[in-house]
Amino acid sequence: MKGQEWYQADSVAEEYDAKRFSKGGRLIDRREKEAVLDAIGPVDGERVLEIACGTGRFTVMLAERGADIVGLDISNAMLEQGRRKARQADVADTIEFMRGDAARLPFPDDHFDAVFAMRFFHLADTPAKFLAEMARVSKRTVFFDTFDDTSLRVLYNWALPMGSRLYSRSGVERLVEDAGLHLREHSHDFLLPYGFYRKVPNAVADPIWSADQAIVDNPVGGRFSSVSYWTAEV
């Protein structure tokens, strides 16, 4: 299965966190959560929208920090996992999970303080439309990540069950500009692709990532990062 069909399958939703964020995947989970928190800052009392919230990893984290948050996803199966996670964390009353299309967000202009999407743009068939909608409903911050077209992901991209769109830095900069946004900052992570880290124990993943990041932080090595984080302002 490819794309949306793969993503919305019940079996994928049920196994999603266990397959991606166990073993060395816990490092990936930590790094992505750090990126979100760094980008949107303190969220207590802030109105936040997460696009493609999936199993609610970030939605629940931000609700625990006081955000008034909406998690939107196209997959009912993923949303059910998010609701279950919210109940377990005792924040179900402070999150609204809703099914919807990110290309036609059911919110007025400037409705949220921050809008973000993680693990979304590599599946996006019309990224310009999605980013324009995110910009429309945010009155301050728009944050998202992309998988990079000069990374090792190129070597195995064809084997991913859902396919994967890869982006150049200049391409993302054009998307941001066309959406009427100002790029505030960007950072880059993981020379080795996620698939590698998911195969090794977490205790092994951390020291490998430290060496990995030393290369990515170098101006030359940074050109080969697997993932980039983009923080833009309205």
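This is a predicted model, so every value here is computed, not measured.
Between F121 and F144, the ring planes lie tilted relative to each other; the angle falls in the 30° to 60° range.
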Under the side-chain contact (heavy atoms from CB on, under 4.5 Å) criterion, do S151 and F224 qualify, and how do the steps go? CA-CA 5 Å; S151 70; F224 303 102; 5.8 Å; no
Go through it in stages, so that I can follow the logic: the residues are H186 and Y229, the test is side-chain contact (heavy atoms from CB on, under 4.5 Å), and I'd like the CA-CA distance, side-chain angles, deciding distance and then a yes or no. CA-CA 5 Å; H186 57 89; Y229 308 119; over 6 Å; no
side-chain contact (heavy atoms from CB on, under 4.5 Å) between V48 and V115: does it pass, once the steps are laid out? CA-CA 6 Å; V48 180; V115 178; over 6 Å; no
Verdict with supporting geometry, R169 and W230, side-chain contact (heavy atoms from CB on, under 4.5 Å): CA-CA 10 Å; R169 296 189 188 181; W230 308 90; 4.1 Å; yes
Kindly determine whether D145 and Y167 satisfy side chain to side chain donor-acceptor pair (under 3.5 Å), including the steps that lead there. CA-CA 10 Å; D145 70 334; Y167 292 81; over 6 Å; no
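Judged purely by atom type and a 3.5 angstrom limit, S225 has no side-chain atom pairing as donor or acceptor with the backbone of V216. Looking only at distances, a side-chain donor or acceptor of R165 sits under 3.5 Å from a matching main-chain atom of D125. Checked by atom type and distance alone, the side chain of T146 never pairs as donor or acceptor with a backbone atom of D148 at under 3.5 Å.
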Could you pull out all donor-acceptor pairs under 3.5 Å where a side-chain atom in residues 30-38 meets a protein atom, sequence neighbours excluded?
from : atom 1 : to   : atom 2 : distance (Å)
R30  : NH1    : D206 : OD1    : 3.3
R30  : NH2    : D206 : OD1    : 3.0
R31  : NE     : D189 : OD2    : 2.8
R31  : NH1    : E34  : OE1    : 2.8
R31  : NH2    : D189 : OD2    : 3.0
E32  : OE1    : R57  : NH1    : 3.2
E32  : OE1    : R57  : NH2    : 2.7
E32  : OE2    : R119 : NE     : 2.7
E32  : OE2    : R119 : NH2    : 3.3
E32  : OE2    : Y194 : OH     : 3.3
K33  : NZ     : D29  : OD2    : 3.1

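When the side chain to side chain donor-acceptor pair (under 3.5 Å) test is applied to R136, the partners found at least two apart in sequence or on another chain are D109, E133. Considering only residues two or more places apart in sequence or on other chains, Q88 meets the side chain to side chain contact (heavy atoms under 4.5 Å, CB included) condition with R84. Partners of K23 according to the side chain to side chain donor-acceptor pair (under 3.5 Å) rule, which considers only residues two or more places apart in sequence or in another chain, do not exist here. Remark: A103 engages D101, K129, F130 in a side chain to side chain contact (heavy atoms under 4.5 Å, CB included) (not counting sequence neighbours). Under the side chain to side chain contact (heavy atoms under 4.5 Å, CB included) criterion, A214 pairs with no residue, sequence neighbours left out.
Contact of the Y197 side chain with the L192 side chain is registered, since non-hydrogen atoms from C-beta on lie closer than 4.5 Å. Counting heavy atoms from C-beta on, the side chains of R83 and E80 come closer than 4.5 Å. Between V142 and F116 there is no side-chain heavy-atom pair separated by less than 4.5 Å. A 4.5 Å side-chain heavy-atom check between E50 and V70 finds every atom pair outside the cut-off. A heavy-atom distance below 4.5 Å is not found between the side chains of D113 and T141. Between K139 and H111, every side-chain heavy-atom pair lies at or beyond the 4.5 Å cut-off.
One hydrophobic cluster holds both M98 and V137 under the rule that ILVMFWY side chains link at heavy-atom gaps under 4.5 Å. Neither L191 nor F147 shares a network with the other; the hydrophobic side chains, linked directly or stepwise wherever heavy atoms of I, L, V, M, F, W or Y lie under 4.5 Å apart, form separate groups for each. Taking hydrophobic clusters as Ile, Leu, Val, Met, Phe, Trp and Tyr residues chained together by side-chain heavy-atom distances below 4.5 Å, F190 shares a cluster with L166. By the criterion of side-chain heavy atoms lying less than 4.5 angstrom apart, applied directly or through intervening Ile, Leu, Val, Met, Phe, Trp or Tyr residues, F21 is grouped together with V204 in one hydrophobic cluster.
When the shell of 6.0 Å around CG of D90 is examined, it contains 12 or fewer heavy atoms from other residues, nucleotides or ligands. The 12-atom threshold is exceeded at CD of E233, counting heavy atoms of other residues, nucleotides or ligands nearer than 6.0 Å.
Residue V176 comes nearest to A232 through the heavy atom pair CG1-CB, 4.2 Å, listed as atom of the first residue, atom of the second, then distance. Summarising the geometry of V60 relative to G82, their closest heavy-atom pair is CG2-O, 4.4 Å, with the distance given to 0.1 Å. Contact record, I74 with R99: O-NE, 2.8 Å, taken as the closest heavy-atom pair. The shortest heavy-atom contact between C53 and D73 is N-OD2, 3.3 Å. Between L79 and G71, the closest heavy-atom pair is CD2-O, 4.1 Å. Closest heavy-atom contact between G171 and S168: N-OG, 2.9 Å.
One distance of note links CG of D68 with OG1 of T94; it measures 8.5 Å at 0.5 Å rounding. Rounded to the nearest 0.5 angstrom, T231 OG1 and R184 CZ are separated by 5.0 Å. Atom CD1 in I40 sits 8.5 Å away from atom CZ in F143 (nearest 0.5 Å). Interatomic distance, CG of L72 versus CD1 of I51, reported as 5.0 Å (0.5 Å rounding). Distance check, rounded to the nearest 0.5 Å: CZ of R174 to CG of L183 gives 13.5 Å. Separating the CD atom in E173 from the CG atom in D178 is a distance of 12.0 Å, to the nearest 0.5 Å.
H188 and S228 form a side-chain donor-acceptor contact under 3.5 Å, judged by distance and modelled atom types alone.
Between R47 and E96, no side-chain nitrogen of the basic residue sits less than 4.0 Å from a carboxylate oxygen of the acidic one, so the salt-bridge criterion is not met.
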